[in-house]
Q: 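Quick one: this structure, given as structure tokens, is what I'll be asking you about.
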There are 2 protein chains.
Amino acid sequence: MAFGHQREDSRLILLREISQGGRIPRIDLAERTGISRATVTTITADLLRDGLIEEIPREDSAAATRGRPRVDLKIAGAAHLVAGVKISGTRISLVLMDFEGTQLTDHEVPLPAGRHSPAALAGHIADAVAALAAKAGYATSDLSGVGVGLAGTVDVSAGTVHWSPSLNVRNVDLAAVLTDRMGVPAYLDNDANLVAMAEKAFGLGRGRSDFIVVTLEAGVGMGIILGGEIYRGTRGCGAEFGHTKVQLEGALCRCGQRGCLEAYVAEYALLREADTALGPDTTVANQIARLLEAAEGGDAAAASIVARAGRMFAMGLANIVNIFDPELIILAGEQMQFDYLYSDAVMAELRKSIVQVDAAPPEVVVHKWGNLMWARGAAAYALEFVQERAAREGRVDAG
Amino acid sequence: MAFGHQREDSRLILLREISQGGRIPRIDLAERTGISRATVTTITADLLRDGLIEEIPREDSAAATRGRPRVDLKIAGAAHLVAGVKISGTRISLVLMDFEGTQLTDHEVPLPAGRHSPAALAGHIADAVAALAAKAGYATSDLSGVGVGLAGTVDVSAGTVHWSPSLNVRNVDLAAVLTDRMGVPAYLDNDANLVAMAEKAFGLGRGRSDFIVVTLEAGVGMGIILGGEIYRGTRGCGAEFGHTKVQLEGALCRCGQRGCLEAYVAEYALLREADTALGPDTTVANQIARLLEAAEGGDAAAASIVARAGRMFAMGLANIVNIFDPELIILAGEQMQFDYLYSDAVMAELRKSIVQVDAAPPEVVVHKWGNLMWARGAAAYALEFVQERAAREGRVDAG
DNA sequence: CCAATTTAATTTGCTTTCCGAATTTAAATG
DNA sequence: CATTTAAATTCGGAAAGCAAATTAAATTGG
């Protein structure tokens, strides 16, 4: 069977198309992929036999057409299980997902603060994955892949982590350590890319092949999807949107440089100015809330802080638009306190700052989501690999 | 023959590899492309029969190995002819190139200043191409393709020019008009992309698949090569590096906005400040020369102008590095007066402004070239299309 | 209720592509 | 001049995938 396969397989193309389509009849598959109906029949028969896809009985909704009715196909959820893991400073968040992308369970465990050795971190992750699986009545060995996202610079092709705030050494092949520890293939990526992945798989980027995701939390991140793939820079560490410069000799950034976008719009940047304008407050959240309130209430100093952050953000975003000319930008984050960055004023400033062409300016949409979106992105990431393996090998193994 | 071809053809893969390799034996082709030796033999035999490639007798230099000697293959120059055309404000520059990429002749004709109708511009181009061909004893009909670069925003896939300083109407399908007028397929592109193309085909980007080219002339342009292809943005009009913003509410740009990089480093930007600092001069070139001289001579105002331009340039470039993480940046231009932007001080500023990772900072190289480089890029661009056609159709037609 | 119609899916026969293994070719070497 | 070595070619076969013909499953009109 694994004989003549070369180049990208029609099997994989069809499997992906079915995955994307949700439910789709053979004839549409043929049309969308350009593969002949005859071949679609043959390949889908294979996929059915391998248990990777299923026929859906009949959609009564789209009734009343003459002729032989279409039979929808969909991914067989039961074929494989994957886990998605997000490592943050103080906790590990996980989701369990089936082959169809349905979330089965989620889980969350605290992670001791500070830096860990690769073995220790792998241990924490493996334990959490086992607990996640157990929650749904499975074992780690039932999984076909585990996607892991963590902050830092990750070289995906090599699987190594150049640097991460969670690790006490540099340049570790954490993917290998994890795979070894769990007995299940682990796939690592930078967490900003995972959000892009999540948006592509089940967010606002669904079905789009080119868009940009900007994340707002403690820092400012960016994920770039080009041609349906995550763009990682030529060496796997690009898309440092937060550290693009918006002001010569500007405000001091956490990274030690001056004028980074992050130094104007991140939480800590607002805080330090808020302290100056309004005096200190008890907690971070309180102070930010107080700042925004004061700005809306007409306090000149507060308004000026917020306005400048907004304009700097628009400027940074305009640079991205001028360079990439995307048709869609997704502003994604879980923090409500950054609402002001999505304001009409900021969007107007953005439109004013991009090169004017006949084409419409890019669509900018806001997507607020919870903590688990990261983990879901990680799971979607693992799912891509498992799909690819499943398509290539006929049948990998199953739950 | 044109029956079952689907997906990317091995014929094209091999033709490209031979083109890139310059001269390469079959066994290396097999190894580099992953195509089996048997198939390489079959396909190269086809290509030889079609006259697209040639065997090179024998390299005595690499002598003294046992066994049957390798036979190098190369592109057959005589198989096809292409022309490369660059439209600038006041002239048309052309080169005639054979299938191998060897430049046979060049030509240059004045172009009446101002905006032209599509038909009129096509007429000027067609005449110039005919003259170019005649110079080498050919006719336009001997050409297999003509690549044309012009300033403006060009939608390559549609062949339309959204806007160009050379045209008096918007959204014209100039490629179609030209193809019709000449009887030879015309391929249009933005001129910044052509420089990238030229660098890739026979410049410092040769053999590289990912790099960025920044051009300096009247304005500041950028060409992006990702995965061996020109990246054009999702709608064909990205890479407006000159209009990325480096200063909020900054200097006024030609485009009407404020704070564009171009408004700090372009010729006109330097001029207007030089006039203030040193008083007016007779010509543009004189004034720029005087400015740089004064700066080097210790004139404070002049030095400040030049230094700021340099720092702004470094900042803009750093943003590109932080977003793309390229391994190579080529600063390309024909103007000597921009030397100061390549200075050690600017490069140091750049290194200081990019996110620090373990990987080495990107290589930055300077490539100065003459006026015809644009046209050569256009020819290389056409060559890609002709190669593709030739690979697909067996033999297209020849000189 | 049964033909006729319509559309989806499948089957059949065939073409094309490309590989592995065996063979041939063209040199250097002893 | 036989032997060795490495490149190139030939040969038979296997797989992928297409077009055309056929079958299947529904609706519609008489």
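Just so we're on the same page: letters track the sequence lines, and every chain starts at 1. Everything numeric in this text was worked out from a predicted model, so none of it was measured.
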Q: Applying side chain to side chain donor-acceptor pair (under 3.5 Å), name anything that partners A/E229, two or more places apart in sequence or on another chain.
A: none
Q: If only side-chain N and O atoms count, and only distance matters, is there a donor-acceptor pair under 3.5 Å linking A/D142 with A/T140?
A: no
Q: Find the distance B/R11:CZ to C/dT16:P and express it as a whole number of Å.
A: 14 Å
Q: Would you mind telling me which residue lines up with the more 5' stretch of DNA chain D, A/T42 or B/T39, judged by nearest nucleotide?
A: B/T39
Q: Counting only side-chain N and O atoms of A/T65, is one of them less than 4.0 Å from OP1 or OP2 of D/dA26?
A: no
Q: So what does A/R26 touch, heavy atoms closer than 4.0 Å: a base, only the sugar-phosphate, or nothing?
A: sugar-phosphate
Q: For B/D189, give me all partners under side chain to side chain donor-acceptor pair (under 3.5 Å), at least two apart in sequence or on another chain.
A: B/N193, B/R232
Q: Expressed as a whole number of angstroms, how long is the span from A/I24:CD1 to C/dA8:C1'?
A: 14 Å
Q: Would you call B/R11 and B/E388 a salt bridge, using N to O less than 4.0 angstrom?
A: no
Q: Nearest-Å distance, CG (B/L47) to P (D/dT9)?
A: 12 Å
Q: Nearest-Å distance, CG (B/L14) to P (D/dA8)?
A: 13 Å
Q: Within the structure shown, what part of the strands sits under 4.0 Å from B/V40 by heavy-atom distance: base, sugar-phosphate, or nothing?
A: nothing
Q: Please give, in whole Å, the distance from C/dG20 P to B/I35 CD1?
A: 12 Å
Q: Could you name each residue pair satisfying salt bridge (charged side-chain N to carboxylate O under 4.0 Å, His left out) that touches residues 27-42 of chain B, not counting sequence neighbours?
A: B/E17-B/R32, B/D28-B/R70
Q: What is the separation between atom CG on A/L29 and atom P on D/dC18, rounded to the nearest whole Å?
A: 13 Å
Q: Could you give the CD-to-C1' distance, from A/E31 to C/dA8, as a whole number of Å?
A: 13 Å
Q: Which comes earlier along DNA chain C counting from the 5' end, the contact point of A/R37 or that of B/R37, where each point is its nearest nucleotide?
A: A/R37
Q: Nearest to the side chain of A/S36 - D/dC18, C/dC19, C/dA9?
A: D/dC18
Q: Please report, rounded to the nearest Å, how far the P atom of D/dT10 is from the CD1 atom of B/I43.
A: 15 Å
Q: Under the rule for side chain to side chain donor-acceptor pair (under 3.5 Å), what residues qualify as partners of A/T179, not counting sequence neighbours?
A: none
Q: Considering residues at least two apart in sequence or located in another chain, which fulfil the side chain to side chain donor-acceptor pair (under 3.5 Å) criterion with B/T39?
A: B/S36
Q: Which atom pairs link the protein and nucleotides 24-26 of chain C when you take only N or O atoms and keep those under 3.5 Å?
A:
{"unit_1": "C/dA26", "atom_1": "N3", "unit_2": "B/R68", "atom_2": "N", "d": "3.2"}

